[in-house]
Number of protein chains: 4
Amino acid sequence: MFILNPGSGIPIYRQLVEQIRRLVAGGQLQPGDCLPSVRELASTHAVNPMTISKAYNQLEAEGILVRRRGRPMEVAARPTQADTPGQLLEPQLDELIQAARQLGVEVDTLPELLDDYLRQLRKEKSS
Amino acid sequence: MFILNPGSGIPIYRQLVEQIRRLVAGGQLQPGDCLPSVRELASTHAVNPMTISKAYNQLEAEGILVRRRGRPMEVAARPTQADTPGQLLEPQLDELIQAARQLGVEVDTLPELLDDYLRQLRKEKSS
Amino acid sequence: MFILNPGSGIPIYRQLVEQIRRLVAGGQLQPGDCLPSVRELASTHAVNPMTISKAYNQLEAEGILVRRRGRPMEVAARPTQADTPGQLLEPQLDELIQAARQLGVEVDTLPELLDDYLRQLRKEKSS
Amino acid sequence: MFILNPGSGIPIYRQLVEQIRRLVAGGQLQPGDCLPSVRELASTHAVNPMTISKAYNQLEAEGILVRRRGRPMEVAARPTQADTPGQLLEPQLDELIQAARQLGVEVDTLPELLDDYLRQLRKEKSS
DNA sequence: GTGGTCTAGACCACA
DNA sequence: GTGGTCTAGACCACA
């Protein structure tokens, strides 16, 4: 369900937090929807339950998830979410642009380069 | 010279390593070019010298930089660099695509969205 | 420095949080004052470092403490602290009154009873 | 009938145990008096029956309550109760004093402060 | 030296 | 079944 990369340098719990935040912002997780239990997520991603728990705690503190005794965590009725999907994409856009500049890739060619990359992904998938 | 973000979750020394790797791969740092001294970088970025040193050490171990007694670190004559600029952009492309998917942003619209974003940046800059 | 009671039913990290909150509210910990390191507190109270860390994290999230790399935690310059000392005492006053009622102790006699108790404590101390 | 606070950090069953213990010590529950059924208490306090049951079990083990087949729990004929009401108030008194000290409130002023607080409560009630 | 992250695992409270 | 707390201990990033 989530993509957790332990070698990326970004703490696992932060990766989880960001992904859930995006799924809620994008409406793929709706208010009232339940999240996988701590134990379930931990075992499917081969990660310690406390790591998952830490992510859930942070999202609760942010008002995005709510905790109810004996129940799985669920998306808050009115999740605090000032950011729009567009804003939540900016960090990735900025990262891409920064990397391109440092690689000497002309920034104006990035949209085309991205387009090619997507096409290539689609081809791999279909083959 | 570099963009170091202490709050990003990614260790500072790793941010440095990746940026220098890209500058070398993209040819903006050429074989024989000198890098700023540990002390200088440390003070301009308000970071501990050991953090810079750790990044330089790792790049030396990778064969990208060479250290010569009493001289600043410099880019290796034939920097080991299997990856092409294109490959070095893939992580950022993948991140962007993953984030878009989780936000419910149609992936096909990403190139256009990126184009708009670049246009907007240019406008801000010129104003 | 702190009074941690593992058998009280109240999680240790919560006991710590409440006590630090009070020390800050009462001015015994001033903005800029350092707190004991996680390891130090952990060893003097025979408690796991992560338990202390959890308390510090919560206080940072509340804006009462600030964290600076490689430095001990310190009291925030302008600690978020809407509550006055008087308000922070109410839970204990309410607990006392509730207990008295259930014990059939006439509530009006509580101030006198408290006075006696304090006198007794002073006597024990001096003897 | 009881005051159960799920957010206090103290387990609900412990809150119940302490309150019943006080009601018995203070004579408001007399030997032979019946307690509400597990189901009734559970529904009036919106709590799981097992939680109530756990409290009753503990009080039975302490010899304060007795269980008789098909009958509601009742207060034991000679409830084991070494503590006097005065002793049962000490934890609350100690908590109050500790909190005051940490808040920098002069301990000698506590009785007066408590008196004021009680007066204020009475006023609110009558208005 | 400082704090942070993570694990493996025990045990608790609650539904 | 759910999540919470805590431990002992390893290892990391940073000053």
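Everything quoted here is computed from the prediction, not taken from an experiment. So you know, we letter chains A, B, ... as the sequences are listed, proteins then strands, and number each from 1.
Put simply, the side chain of A:Arg39 and the base of F:dG3 share a donor and an acceptor less than 3.5 Å apart.
DNA chain F is contacted by both C:Pro49 and B:Pro11; C:Pro49 maps to the nucleotide lying nearer its 5′ end (nearest heavy atom per residue). Between A:Ala46 and C:Ser37, the residue whose closest nucleotide on DNA chain E is further toward the 5' end is C:Ser37.
E:dA13 atom C1' lies 15 Å from atom CG of D:Asn5, rounded to whole Å. Here E:dA13 presents its C1' atom at 17 Å from CZ of A:Arg71, a figure rounded to the nearest Å. In this structure, B:Asn48 places its CG atom 14 Å from P of F:dA13, rounding to the nearest Å. Note: CD1 (B:Ile12) to P (F:dC12) measures 17 Å, nearest angstrom. In this structure, the CZ atom of D:Arg14 is 15 Å from the C1' atom of E:dC14, given to the nearest Å. We find that CZ of A:Arg68 is positioned 20 Å from P of F:dG1, with the value rounded to whole Å. Following rounding to the nearest Å, A:Asn57 (CG) and F:dC6 (C1') show an atom-to-atom distance of 14 Å. Separating the CD1 atom of B:Ile52 from the P atom of F:dA15 is a distance of 9 Å, rounded to the nearest angstrom.
Minimum interatomic distance between B:Pro6 and C:Arg69 (heavy atoms only, all atoms of both residues): CB-NH1, 3.2 Å.
Between C:Ser53 and E:dG3, a side-chain N or O to OP1/OP2 separation shorter than 4.0 Å is absent. Contact check, B:Thr51 against F:dA13: no side-chain N or O comes under 4.0 Å of OP1 or OP2. The side chain of C:Tyr13 places no N or O atom within less than 4.0 Å of a non-bridging phosphate oxygen (OP1 or OP2) of F:dC6. In terms of phosphate contacts, A:Lys54 brings no side-chain nitrogen or oxygen within less than 4.0 Å of OP1 or OP2 of E:dC6.
Listed nucleotides F:dG9, E:dA13, F:dC14 differ in distance to C:Arg69; the shortest reach to its side chain belongs to F:dC14. Side-chain atoms of B:Val47 lie closest to F:dA15 of the nucleotides E:dA15, F:dT5, F:dA15.
D:Arg67 and D:Asn57 form a side-chain donor-acceptor contact under 3.5 Å, judged by distance and modelled atom types alone. Using modelled atom types, one finds no donor on one side chain facing an acceptor on the other under 3.5 Å when comparing B:Gln19 with B:Gln15.
Distance check, rounded to the nearest 0.5 Å: CE of B:Met73 to OG of B:Ser37 gives 12.0 Å. Separation of atoms CG (A:Leu35) and CG (A:Leu65) is listed at 5.5 Å; rounding is to 0.5 Å.
F:dG3 is paired with E:dC12 under the criterion used here, namely a Watson-Crick or G-U wobble arrangement in which both key atom distances are under 3.5 Å.
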